[in-house]
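Working notes for the structure below.
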Amino acid sequence: MKVFISHGSGMDREVEAARKCIVAHLTDRGYDVFTDVDKLRVGDEWHPVLFEEMYLCDAAIVLLGPRTIRESDWVRREAEVLMSRHIVRSLRTVLPVFIGTQDTKEARRRGFGHLLNIQAEFGRRESNPMPEGTDVTQFAEWITAEFAPIVGPVGVASEFHQWASRISGFLRSARLRDFDTVVDAATALCCTDDEILHVRARVGAELFLAHVLLREGEKVRDGEADSALPGALAALRPGLLGNQLTQLKEEIVPGWVDPADAEVFASPPADGTAKDRPLVLLSAYAEWTAEQHVRRTVYNAPGSYRLRGLPESRQIRADESTEEEALMAMCNAALKTVFGVPPNMPLAPGHVRQRQTGEYLVIDSTGRQLRDIAAVVNRIHADFPWVTVIVLIPDGAPTAETLRELGIDRAVPVTLSHDVELRAFRLDQMLGDVAGATG
């Protein structure tokens with residue numbers, strides 16, 4: 001587990017003492033702790049190394065003293081990068097430590113407001129609140145006690161980093177062809193003057209902008225302002241060739257999905273023991289919306305999932321089969337595609353096994369009885385317990401009592417407002433128009 005410590009390189013005596021104490025404590029606990037004074041060697045290109053470490057770390061600590069706050073532009077920029085990751089939840093843990101200063105006004109003026117907010121949250125906790133004062137040992141012990149329960153699961157940061165790295169690859173290509181395109185994109189994204197200076201510095205700019213692009217999806221969820229993504233994508237047009245713009249659009253669109261909701265869609269581990277029979281009831285209209293949640297779940301990794309959906313029921317059956325049997329037949333046909341089974345081969349448990357790739361089936365409940373859907377889902381899970389079934393229920397999930405009566409009380413409801421779904425769908429269309437435009 002990688003931990004990045006941002007500090008003022010000896011500007012404040014208390015900060016330096018805290019750094020040494022914290023590094024010793026966390027190293028003893030088995031953490032891979034990075035500080036520039038401990039890990040960088042003479043002759044290293046320190047800018048690229050620091051940015052790489054900031055984007056790869058699983059947790060971060062920012063140590064701030066009076067001089068560091070007043071004088072260190074570099075620590076302020078490190079804090080901006082780390083908080084950018086924290087906001088999009090690719091970095092779950094950022095621990096701010098203000099030692100030897102109570103001047104919150106100066107800290108906010110210098111751009112450390114987000115860290116002060118986090119500090120206040122820790123200070124208000126009933127269990128193990130953040131200490132006050134200048135006792136370095138007390139702060140170090142508090143951080144050591146906090147780390148184990150707060151740090152996110154191993155692999156999350158690296159998977160998000162791979163996603164951001166794919167996006168940064170497109171930005172790098174655009175920059176090589178036309179340097180101004182990336183600067184113009186940063187301007188369209190309403191980056192601050194400091195952030196644009198960072199982009200112009202050519203160090204870590206692509207990864208930074210990749211996180212900003214993904215973070216822009218929050219506007220879709222909040223609905224407070226129009227997304228700046230269409231303008232940013234348009235700014236990148238001169239620097240991208242062929243279908244690169246469309247590929248970039250596909251990478252950034254799932255950023256609108258709430259990461260907390262996306263966790264519900266994670267498929268069971270492919271270890272042959274899946275018995276969870278995963279079932280999600282999503283209050284949405286479109287299969288597209290369900291797939292966006294799956295893509296956000298897997299960090300949009302190529303080839304990481306297979307998904308097939310059933311449209312709403314509108315057709316009149318030509319035979320005398322029941323609604324349940326007709327739905328079961330449609331699901332079997334869809335699952336053959338998901339599993340990669342030839343059309344004429346029977347679909348039986350002995351023919352397929354769970355794979356590393358997540359496997360999903362989406363059922364639109366429109367025009368269907370929930371009782372028939374529940375019966376079919378249970379039949380599917382009896383043979384293929386690892387398949388994640390997503391049922392689109394635009395009007396919202398039924399009561400817990402109804403779910404128990406139908407035998408699907410394991411279902412996890414995910415509530416999504418129709419306004420958010422509409423804004424996300426329209427954003428996808430606008431970005432598609434920009435990517436497909438000529439000129």
Side-chain angles (χ1 to χ4, degrees), residues 80-94 113-114 117-118 121 152 156-157 159-160 163-164 166-167 185-186 188-192 195 208-233 248-266 280-301 305 307 360 362 390-397 412-435:
E80 289 173 353
V81 171
L82 296 170
M83 284 305 303
S84 177
R85 288 192 57 202
H86 183 64
I87 288 171
V88 297
R89 303 189 193 184
S90 76
L91 180 62
R92 298 200 174 197
T93 302
V94 177
H114 286 305
N117 294 339
I118 293 177
E121 291 177 7
V156 169
E159 291 168 349
F160 195 101
W163 185 13
R166 291 194 301 274
I167 295 173
L189 289 166
C190 301
C191 288
T192 65
E195 291 168 340
F208 175 78
L209 279 179
H211 279 78
V212 175
L213 287 167
L214 292 172
R215 181 172 155 186
E216 188 69 16
E218 291 184 359
K219 290 184 178 179
V220 174
R221 298 200 300 274
D222 296 340
E224 296 178 356
D226 291 333
S227 173
L229 287 175
L233 204 65
L248 175 58
K249 171 254 184 187
E250 291 299 318
E251 287 284 2
I252 63 178
V253 167
W256 71 268
V257 175
D258 189 328
D261 287 344
E263 291 178 0
V264 175
F265 294 77
V280 180
L281 305 181
L282 178 62
S283 58
Y285 284 93
E287 177 188 333
W288 174 88
T289 307
E291 186 162 9
Q292 289 292 306
H293 281 73
V294 172
R295 290 172 62 185
R296 181 62 179 84
T297 301
V298 299
Y299 302 94
N300 213 35
Y305 73 93
L307 179 146
Y360 296 84
V362 181
I390 305 169
V391 181
L392 302 179
I393 304 183
D395 295 329
V412 180
V414 174
T415 302
L416 179 71
S417 78
H418 299 327
D419 286 342
V420 171
E421 183 179 20
L422 181 60
R423 286 196 296 270
F425 189 77
R426 285 175 174 172
L427 175 63
D428 182 68
Q429 287 187 321
M430 285 189 290
L431 294 177
D433 291 341
V434 173

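In this chain, residues are counted from 1 in sequence order.
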Which pair of heavy atoms, one from [X] and one from [Y], lies closest together, and at what distance?
{"X": "M83", "Y": "V94", "result": "SD-CG1, 4.2 Å"}
{"X": "S283", "Y": "T415", "result": "OG-CA, 3.3 Å"}
{"X": "S84", "Y": "H211", "result": "OG-CB, 3.8 Å"}
{"X": "L229", "Y": "I252", "result": "CD2-CD1, 4.1 Å"}
{"X": "E218", "Y": "I87", "result": "OE2-CG2, 2.9 Å"}
{"X": "A188", "Y": "A232", "result": "CB-N, 3.7 Å"}

Pairs of donor and acceptor atoms involving the side chains of residues 257-264, under 3.5 Å and at least two apart or interchain, shall be tabulated with distances.
residue : atom : partner : partner atom : Å
D258    : OD1  : A260    : N            : 2.9
E263    : OE2  : R92     : NH2          : 3.0

Roughly how far, to the nearest 0.5 Å, is the [atom2] atom of [Y] from the [atom1] atom of [X]?
{"X": "Q429", "Y": "R426", "atom1": "CD", "atom2": "CZ", "answer": "8.5 Å"}
{"X": "S90", "Y": "E159", "atom1": "OG", "atom2": "CD", "answer": "11.5 Å"}
{"X": "K249", "Y": "D433", "atom1": "NZ", "atom2": "CG", "answer": "9.5 Å"}

Pair E291, Y305: side-chain N/O donor-acceptor within cut-off below 3.5 Å: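 E291 vs Y305: donor-acceptor pair found between side chains.
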Parallel, tilted or perpendicular: rings of Y299 and F160 (30°, 60°):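 It falls in the perpendicular class, over 60°.
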Aromatic ring pairing F265/H293, orientation class (parallel under 30°, perpendicular over 60°, tilted between):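 It falls in the tilted class, 30° to 60°.
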Side chain to side chain, P230 and L427, heavy atoms closer than 4.5 Å: yes
Beyond-backbone contact of S227 with W256, side-chain heavy atoms, under 4.5 angstrom: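 SC-SC contact between S227 and W256 ruled out.
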Sidechain-backbone polar pair: N300 side chain, V253 backbone, donor-acceptor under 3.5 Å: no
Verdict with reasoning, L189 to L213, per side-chain contact (heavy atoms from CB on, under 4.5 Å): CA-CA 8 Å; L189 289 166; L213 287 167; 3.8 Å; yes
Step-by-step side-chain contact (heavy atoms from CB on, under 4.5 Å) determination, K219 to R423: CA-CA 9 Å; K219 290 184 178 179; R423 286 196 296 270; over 6 Å; no
